[in-house]
Amino acid sequence: MTPVDIRQGSGPIVLGLPHTGTHVPADIFARLTPLGQTLGDTDWHVDQLYDGLLDGVTTVRANFHRYVIDANRDPSGESLYPGQNTTGLVPMTDFDGKPLWLEEPDAAEIEARRLAWHAPYHAALEAELARVRQIHGVAILYDCHSIRSNIPFLFEGTLPDFNIGTNNGATCAPVIEGVVSGICAGAEGYSSILNGRFKGGWTTRHYGRPADNIHAIQMELAQSTHLAAEELPFAYDQAKAEKLRVHLKTILTALQDLTSSLGGHA
């Protein structure tokens, strides 16, 4: 199993898919609790949700599951949300705070996993952003995520449908934030928020460097927008998904159209 799949496109947009992978090496899988072995915190079907929406888009997808190591966490292990419940570089609990491991990995094993899985994913993502910027003068990383809409361990109440993260505007030009927020706010029947509970994970914060013509924005979708139910077997709901895909296509097309205004070139 290769750590990452890369689909190169000729356009200015790179889709990051850090949490859709479900591969867990057999020796690691055997040490997960029965709950852990359900892989419940996967970003279920998000790769399918975005597939084919934009011609020329580049995709970088982690094939490994976030329980092996989380590709959207700081490799140093530093928390993205100090003082709030969250999961780490290798999560020890699921999103409900329940233990994942019969035998927790130690620091040496976590570092070995980082080198084997996390590092190749980010090497690929960094290379693709550099390639796209070389072609267009600018690159936009759109980081694709989903999560259950009700998780008391992580947040109160029900999560909005569209959760846009730019680390309070630091990771992209204001026009990107404004365009995406506007499209989401105008999507009939959907709710949205900018920099609410999810302000952008390590990927968005690490790569989003507007001064260097690399912009990053995270989209965390409530799974109720495209799943039949937010529980096993986390089945894809075709009708819900097709309705949602209309808005996701609008977002990606609008971002592509912004390239020239960001100092890019055709």
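Only heavy atoms go into these numbers, but all of them, side chains included; no hydrogens, no water, no symmetry mates.
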Contact check, side chains of [X] and [Y], non-hydrogen atoms, under 4.5 Å:
| X | Y | value |
| --- | --- | --- |
| Val132 | Val138 | no |
| Asp143 | Trp202 | no |
| Arg209 | His215 | no |
| Leu252 | Leu15 | yes |
| Asp237 | His226 | no |

Using the test salt bridge (Lys or Arg N to Asp or Glu O under 4.0 Å), find all partners of [X] that sit at least two apart in sequence or belong to another chain.
| X | value |
| --- | --- |
| Glu111 | Arg114 |
| Glu188 | none |
| Glu230 | none |
| Asp51 | Arg7 |

### Side-chain hydrophobic cluster, 4.5 Å single linkage: members besides Leu35
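Cluster partners of Leu35: none, it stands alone.
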### Message
Which Ile, Leu, Val, Met, Phe, Trp or Tyr residues join Phe234 in one cluster when any pair of side-chain heavy atoms under 4.5 Å counts as a link?
### Response
Trp44, Leu227, Leu232
Kindly give the heavy-atom pair with the smallest separation between [X] and [Y], and that separation in Å.
| X | Y | value |
| --- | --- | --- |
| Ser10 | Ile135 | O-CG2, 4.3 Å |
| Ile164 | Met219 | CG1-CE, 3.9 Å |
| Val90 | Pro105 | CG1-CG, 3.8 Å |
| Ala222 | Asn163 | N-ND2, 4.4 Å |
| Ala173 | Leu262 | CB-CD2, 3.7 Å |

Output all residues satisfying side-chain contact (heavy atoms from CB on, under 4.5 Å) with [X], sequence neighbours left out; order by chain, then residue number.
| X | result |
| --- | --- |
| Asp106 | Ala108, Glu109 |
| Pro25 | His23, Asp27, Ile28, Val68, Trp117 |
| Thr158 | Ser149, Asn150 |

Okay, side chain of [X], backbone of [Y]: is any donor-acceptor separation there less than 3.5 Å?
| X | Y | value |
| --- | --- | --- |
| Asp161 | Ser192 | no |
| Asp43 | Thr20 | no |
| Thr250 | Val246 | yes |

### Task
Any side chain to side chain donor-acceptor pair (under 3.5 Å) involving residues 118-127? Give me the pairs, sequence neighbours left out, ordered by first then second residue.
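Qualifying pairs, neighbours excluded: His122-Tyr207.
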### Query
Can you list every side chain to side chain donor-acceptor pair (under 3.5 Å) pair that touches residues 166-177, not counting sequence neighbours?
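For residues 166-177, and leaving out neighbouring residues, the side chain to side chain donor-acceptor pair (under 3.5 Å) pairs sorted by first residue read Thr166-Glu177, Thr166-Asn195.
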### Query
Roughly how far, to the nearest 0.5 Å, is the NZ atom of Lys249 from the CG atom of Leu244?
13.5 Å
### Modelled atom types, side-chain donor and acceptor of Asn72 and Thr203, under 3.5 Å
yes
### Query
When you check the side-chain N and O atoms of Thr58 and Arg131, is any donor under 3.5 Å from an acceptor?
yes
### Task
Would you please test Phe162 and Tyr190 for ring-ring contact (aromatic ring centres under 6.0 Å, His included) and show each step?
CA-CA 8 Å; Phe162 295 104; Tyr190 294 91; 5.4 Å; yes
### Task
If a pair satisfies salt bridge (charged side-chain N to carboxylate O under 4.0 Å, His left out) and one of its residues is in residues 52-63, list it, with sequence neighbours excluded.
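Found Asp47-Arg61.
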